[in-house]
Amino acid sequence: MNEIKIFCPATIANVSCGFDVLGLALESVGDEMVVRKTKSPEIRISKIEGQQLPMETNKNVAGVAASALLEKSNYEGGFEIEIYKRIKPGSGIGSSAASAAGVVWAINELLKRPFSKQELVTFAMQGEKLASNVAHADNVAPAIYGGFTLVRSYDPLDIVSVHTPKALFATVIHPQIEIKTSDSRKVLKANISLEKGIKQWGNLGGLIAGLFTEDYDLIGRSLEDHVIEPIRSILIPGFDEIKSRSLEAGALGCGISGSGPSIFALSKGEATAQKVASNMAAVYHGIGLNYETHVSSICPQGIKQIN
Ligand code: ADP
């Protein structure tokens, strides 16, 4: 195989109580990429459609992640990359992660899988470092593994796949303003109180248990963020109202997707998730702010080959 075309899912990182460690992959929102082998031993981005992004290998997260992989490989050729962007950069649903994770997954397939999924995550994290100055894995891990993933440890890297209940649907609303991950990290405090810590790890444990046992009430009770949301939600117009209207529509929980400005909700069943989308949309319609909504099941497989 000399060429592969792939779907790279959008991802929701943090998922309320799991800042920098928890993430999930979406089924129906994502980019496409084509990656092909070349004789000359370099990484070249030959085409980007859908968004204005740097074509230079060292300025595009796909180029940086691919170069990190090539450095550890004994393959003597290079690769050419085409990116078809559907996920807007800076939207908070893992636009940079889709490119960084997608390219290394595709190259691994073309080279007949010399690397483990966890190794692919380490290469993709180099791309995330370019985008946000932090080599976080909470978007690239679910993109590569699919479903929900937990980064149990960064050093050494230890990624755990978490069971995804089938009836779980995500709703995402993206107000058309851009918040760069690097900027929304700057507003965070370096320390948290013990009191907040106790609430946060109680909820994270509860959420993981709720996902494994398909206990939707427990999932709902655990989708709380006492650490990040109170600070970051101030940057997102209408956040409190969107959250209360989502819960009114029957969502299990609602929070900031990644570093925002997108807001996500999780619901049991697609009909509820659709109702949540219309309630969310009504808020931005009222404020007069442009927005996009997505309703999606959780993608069990992650990045996949398409024709
Ligand atoms: P997101 O959470 O949507 O990935 P970030 O703010 O973390 O948003 O990353 C977007 C930044 O990464 C932008 O500055 C963008 O120019 C840069 N970038 C570089 N290459 C890519 C790429 N292939 N896809 C998306 N963003 C990229």
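Order of appearance sets the numbers: ligands from 1, and atoms from 1 within every ligand.
Under 3.5 Å, the side chains of E128 and S96 contain a donor-acceptor pair of N or O atoms.
Scanning the protein for heavy atoms near atom 5 (P) of ligand 1, the closest one is T181 OG1, 3.3 Å. With respect to atom 12 (O) of ligand 1, the closest heavy atom belonging to the protein is A131 CB, 3.5 Å. Of all protein heavy atoms, the one closest to atom 27 (C) of ligand 1 is L53 CD2, 3.6 Å. Of the protein's non-hydrogen atoms, S96 OG, 2.5 Å is the one closest to atom 4 (O) of ligand 1. Nearest to atom 13 (C) of ligand 1 among the protein's heavy atoms is K180 CE, 4.0 Å. Atom 3 (O) of ligand 1 has as its closest protein heavy atom G90 N, 3.0 Å.
When all heavy atoms of I45 and I48 are compared, the closest pair comes out as CG2-CG1, 3.8 Å.
Exactly one of L266, V276, N279 qualifies for a side chain to side chain contact (heavy atoms under 4.5 Å, CB included) with T171. That residue is V276. Applying side chain to side chain contact (heavy atoms under 4.5 Å, CB included) to I263 and the options I236, V283, V172, I256 leaves one that passes, I236.
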Quiz item: Should S267 and K275 be marked as a side chain to side chain donor-acceptor pair (under 3.5 Å) after you check the CA-CA gap, both sets of side-chain angles, and the distance that decides it?
Solution: CA-CA 10 Å; S267 300; K275 211 169 141 202; over 6 Å; no

Self-check item: Steps toward side chain to side chain donor-acceptor pair (under 3.5 Å) verdict (E214, H163)
Solution: CA-CA 9 Å; E214 306 210 355; H163 175 75; 2.6 Å; yes

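A salt bridge is absent between D240 and K243: the closest approach of a Lys/Arg side-chain nitrogen to an acidic carboxylate oxygen does not fall below 4.0 angstrom. A salt bridge between R185 and D20 is present, with a side-chain N of the basic residue lying under 4.0 Å from a carboxylate O of the acidic one.
Numbered from 1 in the order shown, with element, the atoms of ligand 1 that lie under 4.0 Å from a heavy atom of S91 read 3 (O).
For ligand 1, one of its N or O atoms has an N or O atom of V61 under 3.5 Å away.
Heavy atoms of K59 approach ligand 1 to within less than 4.0 angstrom. Not a single heavy atom of G258 sits under 4.0 Å from any atom of ligand 1. In this structure, K85 counts as a contact residue of ligand 1, since one of its heavy atoms falls inside 4.0 Å of the ligand.
Counting heavy atoms closer than 4.0 Å to ligand 1, residue S95 contributes atoms from both its backbone and its side chain.
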